[in-house]
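Both backbone and side-chain heavy atoms feed into the values below; hydrogens, waters and symmetry mates do not. Residue numbering restarts at 1 for every chain, and letters A, B, ... go by the order of the sequence lines. All figures in this text were calculated on a predicted structure; none of them were measured in a lab.
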There are 2 protein chains.
Amino acid sequence: MNASESAETAETRARILAEAKVLFSRHGYHGLSMRIIAQAAQISKAGLYYHFADKEELFVAILTSYLDELDVLIRGAEAEGTSCRTRINLVVHRILAQPSEQRAVIRLASQEMGELSEAAQQAFHKIYYEKFIGRIAAILQQGIESGELRPLDSTVATWTLLGMMYPYFYPSSSLHNASTSEIVDQLVTIYFDGVSNPADKASATSRSQ
Amino acid sequence: MNASESAETAETRARILAEAKVLFSRHGYHGLSMRIIAQAAQISKAGLYYHFADKEELFVAILTSYLDELDVLIRGAEAEGTSCRTRINLVVHRILAQPSEQRAVIRLASQEMGELSEAAQQAFHKIYYEKFIGRIAAILQQGIESGELRPLDSTVATWTLLGMMYPYFYPSSSLHNASTSEIVDQLVTIYFDGVSNPADKASATSRSQ
DNA sequence: CCTACCGATCGGTAGG
DNA sequence: CCTACCGATCGGTAGG
């Protein structure tokens with residue numbers, strides 16, 4: 001009977017996390033109250049506090065759980081891809097293939113990190129870099145070292161790539177319905193080849209300005 | 001005396017807008033209270049409501065005032081630049097040359113638009129596209145039509161460019177101290193030429209995957 | 001003693 | 001523009 005009680009507990013906890021993830025992504029940290037979360041998870045507010053010590057702990061649980069998913073996703077892409085470009089291509093395609101509530105957590109993290117306590121901020125910042133940012137940067141750095149990419153600052157290269165994905169991290173954008181594989185291809189191609197027409201001389205001229 | 005009263009009123013209003021802009025950028029719409037804004041602007045909370053009907057009106061005033069700045073900035077770049085690339089280059093350089101509190105308003109707008117009332121949302125969305133997004137898209141569309149850019153979706157091209165700038169729209173990022181002209185050059189070059197090494201065959205191979 | 005909560009209410013603060 | 005407040009709701013906790 002203990003086992004079934006624990007299973008119910010885990011189920012409730014998972015339901016809270018799932019509901020809160022969607023709502024936090026939509027309204028931000030301060031824009032969402034514990035009352036609303038409790039309502040959505042069909043539980044009392046006090047019940048919420050049985051599972052999570054406070055609002056911050058619940059919020060951080062959402063972020064870290066998603067980072068674990070990203071960790072798996074990136075490991076898979078690293079293993080399957082051979083070149084820097086194929087690996088990045090796989091990572092971008094797979095992240096943008098996720099349901100928008102999932103990938104919206106990336107924006108949520110960078111957006112609301114500053115609202116957390118100093119301790120939570122530092123702890124989260126660490127795993128954020130270990131499991132996500134640092135991994136992307138490492139793939140790009142390898143590409144720079146192997147000569148596959150031009151010699152540029154890997155930090156700039158990383159943030160530029162993540163930035164390009166950013167518009168797709170919003171929950172209710174018109175872009176989402178359209179985030180098909182073709183659009184993702186366009187995005188990755190812009191990153192790796194740029195938007196200039198190679199057959200055009202004007203772009204090469206204006207480039208030196 | 002009316003004139004001097006108006007001048008003082010305008011001064012107070014400007015002080016409120018300046019303080020609130022910084023604080024909203026740091027804490028988001030719901031993360032900042034009218035009490036804190038009043039404190040920062042050295043005014044009573046009721047005094048705040050003398051100048052702005054409610055929180056939303058103050059918030060929207062910050063956004064629209066910045067959009068007017070962007071309007072001037074983009075007009076200037078359109079007039080000075082000749083090619084698509086030079087014009088975009090000017091726009092990006094000038095936006096990222098602004099103090100971080102200024103350009104942070106762009107992120108603030110896209111981030112918190114959903115928290116506004118339906119009416120404010122629609123009104124703001126309109127001028128947001130008229131003065132900013134639509135203008136960038138038009139410059140890129142010209143580049144596509146003239147053959148300077150590859151034939152791609154101008155919406156995707158626009159959001160990709162804005163996304164690349166996004167990391168620099170955060171107020172307290174380590175990237176800001178480093179947003180020198182050189183880094184902006186790297187960013188624009190990635191956009192127009194991509195990150196791949198032209199002398200490398202592997203990137204061309206993996207591209208067709 | 002445990003678990004998985006509930007109804008009610010705490011001290012403070014929100015926008016107005 | 002201020003002092004003095006309001007209805008409601010905030011995050012969090014009491015005993016059972």
Between [N] ([atom2]) and [X] ([atom1]): distance, integer Å:
{"X": "His51(A)", "N": "dT3(C)", "atom1": "NE2", "atom2": "C1'", "value": "10 Å"}
{"X": "Ile43(A)", "N": "dC5(C)", "atom1": "CD1", "atom2": "C1'", "value": "7 Å"}
{"X": "Arg13(A)", "N": "dT3(C)", "atom1": "CZ", "atom2": "C1'", "value": "15 Å"}
{"X": "Ile37(A)", "N": "dT9(D)", "atom1": "CD1", "atom2": "C1'", "value": "15 Å"}
{"X": "Glu57(B)", "N": "dG16(C)", "atom1": "CD", "atom2": "P", "value": "11 Å"}

Please tell me whether Gln141(A) and Glu145(A) have a donor and an acceptor in their side chains that are separated by less than 3.5 angstrom. yes
Indicate whether OP1 or OP2 belonging to dT3(D) is found under 4.0 Å from a side-chain N or O atom of Ser44(B). no
Determine the contact category for Leu48(B): base if any of its heavy atoms lies under 4.0 Å from a base atom, sugar-phosphate if only primed atoms, P, OP1 or OP2 are that close, otherwise nothing. nothing
According to side-chain hydrogen bond (donor to acceptor under 3.5 Å, both in side chains), does anything in residues 33-57 of chain A pair up with another residue at least two apart or in another chain? List the pairs. Glu56(A)-Ser117(A)
Between protein and nucleic acid, restricted to nucleotides 10-13 of chain D and to nitrogen or oxygen atoms under 3.5 Å apart, what atom pairs and distances do you find?
from, atom 1, to, atom 2, distance (Å)
dC10(D), OP1, Ser33(A), OG, 3.3
dC10(D), OP2, Arg35(A), NE, 2.6
dC10(D), OP2, Arg35(A), NH2, 3.4
dG11(D), OP1, Leu32(A), O, 3.3
dG11(D), OP1, Lys55(A), NZ, 2.6
dG11(D), OP2, Met34(A), N, 3.0
dG11(D), N7, Lys45(A), NZ, 3.3
dG12(D), OP2, Tyr49(A), OH, 3.1
dG12(D), OP2, Lys55(A), N, 2.9
dG12(D), N7, Lys45(A), NZ, 2.9
dG12(D), O6, Lys45(A), NZ, 2.1

Would you say that [X] contacts [Y] through its side chain, given a criterion of any heavy-atom pair below 4.5 Å between the two side chains?
{"X": "Tyr166(A)", "Y": "Met164(B)", "value": "no"}
{"X": "Tyr191(B)", "Y": "Thr160(A)", "value": "no"}
{"X": "Leu96(A)", "Y": "Phe169(A)", "value": "yes"}

Can a salt bridge be assigned to the pair Glu130(A) and Lys126(A) using a cut-off of 4.0 Å between side-chain N and carboxylate O? yes
